[in-house]
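Down below is the structure, laid out as structure tokens.
In this text, all values refer to a predicted model and were calculated from it rather than measured experimentally. Atoms within a ligand are numbered from 1 in the order they appear, just like the ligands themselves.
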Amino acid sequence: MLFVNELFYSVQGEGRFTGTPAVFVRLQGCRCQCPWCDTKFTWKLGRENGVSLSEILEKSDRPGYATVSEEELASHIAATWPQAPMVVVTGGEPCLFDLTAFCRLIEAQGRLVQIETSGTEPVRVTDSTYVTVSPKHGMPGGREVLPEALGRADEVKMVVGCQEDIETLDALLAHVRPGARLSLQPLSSEAGATALCFETVLERGSRYHLSLQTHKFINVR
Ligand code: SF4
């Protein structure tokens, strides 16, 4: 079973698949408790339950989640958004769940699955799943990014506010596959952070990319 906090259709605004139409599945639960988190409504488990999937479709940015089987969720997505080429599973921390069965069902529909994870929980997906690990610098409680999560990443997307964040990424690179894409994303689209990401991408070249939160330019989720 999966705990679904939000379910909506939009365009992937960040990273490798920027501009791609996608169904977003936001799962409930996260143990990281980052002070800057913009989805704090997803943190808690075991409360605010009793919500149906149809009610989830009509809410956003609020507590409350639907408890749904992988089969029911995949069928619902197929019936509601048959045109969507991909499904993005985010959170909260989606890797609190074993996502293998759900990924397999979506892939059987001919769609790509991308998961967006902090990398602090074991990644349980299919071999075809596109895994984006977004390390969080300075998490409370000393939570660390797992080397095996970095080793599974197809993309490492680092939110960068200052040079120290780039150094944090550099320290993690020993665990990242040589072919993985490295996306630098300016913190809150700030001018200084954007300039730093821009200059670093130009300087380093190769697998470095600039990731902008393009959905915020047009004020969509
Ligand atoms: Fe929020 Fe992500 Fe940090 Fe979890 S890992 S607290 S969802 S920012």
Side-chain angles (χ1 to χ4, degrees), residues 2-8 10 12-17 22-49 51 56 59-67 87-99 102 113-125 129-162 164-166 168-169 171-172 175-176 182-190 193 197 211-213 215-216 221:
L2 299 172
F3 300 159
V4 181
N5 180 291
E6 285 189 272
L7 182 61
F8 58 95
S10 187
Q12 173 58 288
E14 317 173 349
R16 164 72 178 81
F17 297 103
V23 176
F24 287 78
V25 179
R26 187 182 303 289
L27 297 181
Q28 186 79 16
C30 185
R31 294 196 270 224
C32 291
Q33 306 198 338
C34 304
W36 59 84
C37 180
D38 58 5
T39 56
K40 288 179 177 160
F41 54 89
T42 65
W43 286 3
K44 290 200 171 89
L45 285 174
R47 296 169 62 180
E48 313 283 358
N49 207 341
V51 180
I56 289 295
K59 82 168 190 68
S60 67
D61 293 7
R62 283 186 278 123
Y65 57 88
T67 304
V87 174
V88 179
V89 187
T90 186
E93 175 43 70
C95 290
L96 285 173
F97 300 85
D98 183 344
L99 296 169
F102 180 68
V113 181
Q114 178 188 21
I115 65 158
E116 297 183 328
T117 172
S118 66
T120 56
E121 305 286 345
V123 178
R124 293 167 291 174
V125 297
T129 305
Y130 191 92
V131 176
T132 296
V133 172
S134 187
K136 304 291 188 291
H137 173 74
M139 282 180 288
R143 292 195 69 81
E144 301 285 350
V145 183
L146 303 176
E148 55 268 37
L150 288 167
R152 174 61 184 83
D154 298 290
E155 173 183 42
V156 178
K157 186 174 67 181
M158 190 77 195
V159 175
V160 173
C162 59
E164 191 183 3
D165 296 323
I166 293 176
T168 298
L169 174 61
L172 298 173
H175 305 292
V176 177
L182 304 176
S183 297
L184 304 187
Q185 184 164 296
L187 176 67
S188 304
S189 304
E190 290 167 3
C197 291
S211 171
L212 302 175
Q213 292 181 291
H215 52 294
K216 293 189 176 175
R221 283 201 281 176

Shortest non-hydrogen pair, Val133 vs Leu150, comes out as CG1-CD2, 4.1 Å
Is atom 1 (Fe) of ligand 1 less than 2.8 Å from an N/O/S atom of Cys37, whether that atom is in the backbone or a side chain? yes
Side chain, backbone, both or neither: which part of Thr39 has a heavy atom under 4.0 Å from ligand 1? side chain
The side chain to side chain donor-acceptor pair (under 3.5 Å) partners of Arg152 (sequence neighbours excluded) come to Asp154
Near atom 3 (Fe) of ligand 1, is there an N/O/S atom from Cys30 that is less than 2.8 Å away? no
Please identify which atoms of ligand 1 are closer than 4.0 Å to at least one heavy atom of Gly92. 7 (S)
Distance-minimising heavy-atom pair for Val88 and Ala22: CG2-CB, 3.8 Å
Would the distance check show the side chain of Glu93 and the main-chain N or O of Gly29 forming a donor-acceptor pair, the cut-off being under 3.5 Å? no
Pair Glu116-Ser134, side-chain donor/acceptor within less than 3.5 Å: no
Per-atom contacts, ligand 1 versus Trp43 - under 4.0 Å to a heavy atom: 1 (Fe), 6 (S)
Quick check on Glu93 - does any of its heavy atoms sit under 4.0 Å from an atom of ligand 1? no
Selected option - heavy-atom contact closest to atom 3 (Fe) of ligand 1, from Cys34, Gly29, Gly119: Cys34
Quick one: side-chain contact (heavy atoms from CB on, under 4.5 Å) partners of Cys37, sequence neighbours excluded? Cys34, Thr39, Lys40, Trp43
